[in-house]
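Take a look at the structure set out below.
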Amino acid sequence: MENFLLWVFYVMTFYAFLPGVISRTFGFRVFKRGKAEKEIALTFDDGPDSNYTPQLLDLLKRYNAKATFFVVGSHAEKELDLLRRMKDEGHDIGIHNYVHKSNWLMRPRTVKRQIEKTNAIIETATGERSNYYRPPWGIVNLFDYSNLGYLQIILWSSLFGDWRIRVGAERLQRRMMKKLRPGEVLLLHDCGKTFGADKAAPRNMLIALEAYLEQGTQQGYSFVNITQMIKLSDASRKPSLIKRTLISLWLLWEKAFHAAFRLKQVGESDQPSFHYRVTTYSGQTVEFAEGGTIGKGDAVAELHFDNGMLSRIAARYKSPLAAGLRVIREVEHALPQLAMQLAEDPDASDIKAVYGVTMIHRGADRLGFEVFRLPDGLFARSTNVYLRLLTKVLTPSDSGKRQKERSKRLKDASSPRMLLMPMQRVRQYAAAGLSNLQEGTADLLRSPVDRAIAGAADESSAIGSKTTAL
């Protein structure tokens, strides 16, 4: 019996207790407080309720406040119209299990079924699936981190005991006023039908919330849903000292690399997009779609993106898609410059192609490059590892959903590709660039490149180079 109890103790400790403590105390794999100047996130659990939720939506509408509703699936399936109204009025809808039961008391498979069932109800009502999950009582188990990786777990920074009617509206209001601070994620309840709650408790919550909204509005606060709070937090997040140090060291290494291999800058800007060097091709023989081949020993112009440019783009654009489109725009302006410079470079008179290596390669073919898989080997594997590490350094340290999305994109484009542009295509860029310069316009190759950008937007793509990736 003693051994059995000890075994139960160990299981409960590692399955339930420790994961909950780590998440609540250290914020591991959860979002529980934002970084904002004058914004507060309102979140409501346990609904929807046919009586109190409509009153709450009316109140939020009066103050132009947005919120996030973590719905219990068994309640939500009876109130599909309320779910539609939440979405139509700009609120987020999250998952709070199908029944209000702790994850500690359910097997991982059961938790997953509860979530999927609730998400299907949300999708039926709104046409969209939810990306947010709040476990009942904020309790996670060990397997939630892996099984629910596609969802952002949302906890809270402040709760007030508003599920108990004996707290009263006045005392609840005082508690809430102490948390009238930017970045707060408030937990309130719009339903009192769950275990341990009082059915009439949301009445006090509505009274206290109205006073809170009134005071907050007077002080210039905005009330936002969790999507908006996460975006604000990401925008205000600065790279850590370690990351800034790594970037500085990496840029110093780039200067040494350029000096050692005598790379030439494209254009005269103090913030160039490209560098290149004339070298010999050492890969397998490749046949171009437009005719001609390139083989081992042939001269090529090896391209390298400027790492300072990529660092600035990564710091400015939090969305990988936006950053990718910005890189495509840099390519738009730099390729004609590169082509004209190669035409005037005596060292490049015999080159047969422009060459580079990239991990994220979709969209390159729309710019005139031909894309080839690198033969498996030490070079391909080491380049893959390097580009992954570089992307980790460059990009902001996002949490939850966006971090998962970035990891998935990197996994989908896991092997580097070789990019080659034959010289006949390069000469077309040079001719178009010269023509546009003579006409006094900066829109180099506007029509084909704009089509390339549109295509890249469809593919959510970005282009990297042999020594850099985005």
Side-chain angles (χ1 to χ4, degrees), residues 31-34 39-76 78-98 100 118 121-122 125-126 130-138 152-165 167 169 172-173 175-176 179-180 184-213 216 222-230:
F31 184 87
K32 64 176 188 175
R33 182 180 177 84
E39 290 82 17
I40 296 170
L42 300 173
T43 70
F44 300 91
D45 286 7
D46 298 358
D49 180 273
S50 59
N51 180 23
Y52 294 112
T53 304
Q55 296 179 55
L56 172 58
L57 289 169
D58 291 341
L59 176 61
L60 295 172
K61 192 172 184 179
R62 287 204 303 272
Y63 286 90
N64 194 30
K66 307 303 177 186
T68 304
F69 292 85
F70 291 94
V71 300
V72 174
S74 58
H75 298 165
K78 303 172 186 176
E79 305 291 347
L80 297 184
D81 287 342
L82 285 177
L83 296 187
R84 282 189 280 269
R85 182 180 172 187
M86 291 172 188
K87 178 181 180 296
D88 291 344
E89 295 182 3
H91 306 295
D92 283 339
I93 304 175
I95 302 163
H96 201 45
N97 284 355
Y98 181 77
H100 198 276
T118 304
I121 293 167
I122 295 170
T126 67
S130 176
N131 297 312
Y132 302 116
Y133 175 59
R134 174 176 286 165
W137 297 291
Q152 171 66 67
I153 299 176
I154 306 294
L155 296 184
W156 58 85
S157 60
S158 299
L159 77 166
F160 310 98
D162 64 310
W163 60 89
R164 301 190 192 96
I165 197 169
V167 172
L172 179 59
Q173 179 181 328
R175 291 178 179 179
M176 292 175 64
K179 301 296 182 179
L180 191 60
E184 290 285 348
V185 179
L186 271 57
L187 169 55
L188 297 164
H189 298 79
D190 59 326
C191 179
K193 297 177 182 178
T194 55
F195 176 76
D198 298 318
K199 289 185 178 180
R203 183 174 62 225
N204 292 334
M205 182 275 294
L206 291 169
I207 296 171
L209 179 62
E210 183 167 11
Y212 185 83
L213 291 171
S222 298
F223 300 94
V224 300
N225 58 36
I226 206 67
T227 296
Q228 293 169 306
M229 182 58 77
I230 290 175

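As the structure is a computational prediction, the values presented were derived from the model and not from experiment. Counting from 1, the numbers follow the sequence of the chain as shown.
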Taking C-beta and beyond as the side chain, do [X] and [Y] meet within less than 4.5 Å on heavy atoms?
X: Gln228; Y: Glu39; answer: no
X: Leu172; Y: Met205; answer: yes
X: Pro54; Y: Leu82; answer: yes
X: Val185; Y: Ser157; answer: yes
X: Ile122; Y: Val71; answer: yes
X: Leu187; Y: Phe160; answer: no
X: Ile165; Y: Asn204; answer: yes
X: Asp45; Y: Thr194; answer: no

So that I know where these two stand, are Phe69 and His91 an aromatic pair - ring centroids less than 6.0 Å apart?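 Yes - the distance between ring centres of Phe69 and His91 falls below the 6.0 Å cut-off.
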Spatial distance of atom [atom1] ([X]) from atom [atom2] ([Y]) [nearest 0.5 Å]:
X: Ile40; Y: Met229; atom1: CD1; atom2: CE; answer: 7.5 Å
X: Asn131; Y: Gln152; atom1: CG; atom2: CD; answer: 9.5 Å
X: Ile121; Y: Ser74; atom1: CD1; atom2: OG; answer: 8.0 Å
X: Tyr132; Y: Ile226; atom1: OH; atom2: CD1; answer: 7.5 Å
X: Met176; Y: Leu209; atom1: CE; atom2: CG; answer: 5.0 Å
X: Asn51; Y: Asp190; atom1: CG; atom2: CG; answer: 11.0 Å

Passes side chain to side chain contact (heavy atoms under 4.5 Å, CB included), Met86 versus Thr53? Steps please. CA-CA 10 Å; Met86 291 172 188; Thr53 304; 3.8 Å; yes
Distance-only, no hydrogens or angles: does the [X] side chain make a donor-acceptor pair with backbone N or O of [Y] under 3.5 Å?
X: His96; Y: Val72; value: no
X: Lys78; Y: Asp49; value: no
X: Arg84; Y: Thr126; value: no
X: Thr68; Y: Asn225; value: no

Of Asp92, Ile95, Ile154, which is the lone residue that meets side chain to side chain contact (heavy atoms under 4.5 Å, CB included) with Phe70?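 Output: one option passes, namely Ile154.
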Please give me the minimum heavy-atom distance between [X] and [Y], naming the atom from each residue.
X: Gly94; Y: Ser130; result: CA-OG, 3.4 Å
X: Phe44; Y: His189; result: CD2-N, 4.4 Å
X: Leu180; Y: Gly216; result: CD1-CA, 3.8 Å
X: Pro48; Y: Glu79; result: CG-CB, 3.7 Å
X: Gly196; Y: Trp163; result: O-CD1, 3.6 Å
X: Gly34; Y: Phe31; result: CA-CZ, 3.7 Å

Would Glu184 and Trp156 count as a side chain to side chain contact (heavy atoms under 4.5 Å, CB included) if you check the C-alpha gap in whole Å, the side-chain angles of each, and the deciding distance to 0.1 Å? CA-CA 8 Å; Glu184 290 285 348; Trp156 58 85; over 6 Å; no
By side-chain contact (heavy atoms from CB on, under 4.5 Å) - contacts of Ile207 (at least two apart):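 side-chain contact (heavy atoms from CB on, under 4.5 Å) list for Ile207, sorted by chain: Ala169.
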Do we see a donor-acceptor contact under 3.5 Å between the side chains of Asp46 and His75?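 Result is no, nothing qualifies.
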What orientation do Tyr212 and Phe223 show, parallel under 30°, tilted 30 to 60°, or perpendicular over 60°?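 Aromatic pair Tyr212/Phe223 classed tilted.
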Given Leu213 and Leu42, is the side chain to side chain contact (heavy atoms under 4.5 Å, CB included) satisfied, shown in steps? CA-CA 10 Å; Leu213 291 171; Leu42 300 173; 3.9 Å; yes
Salt bridge (charged side-chain N to carboxylate O under 4.0 Å, His left out): which pairs involve residues 52-63, sequence neighbours left out?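 Qualifying pairs, neighbours excluded: Asp58-Arg85, Arg62-Glu210.
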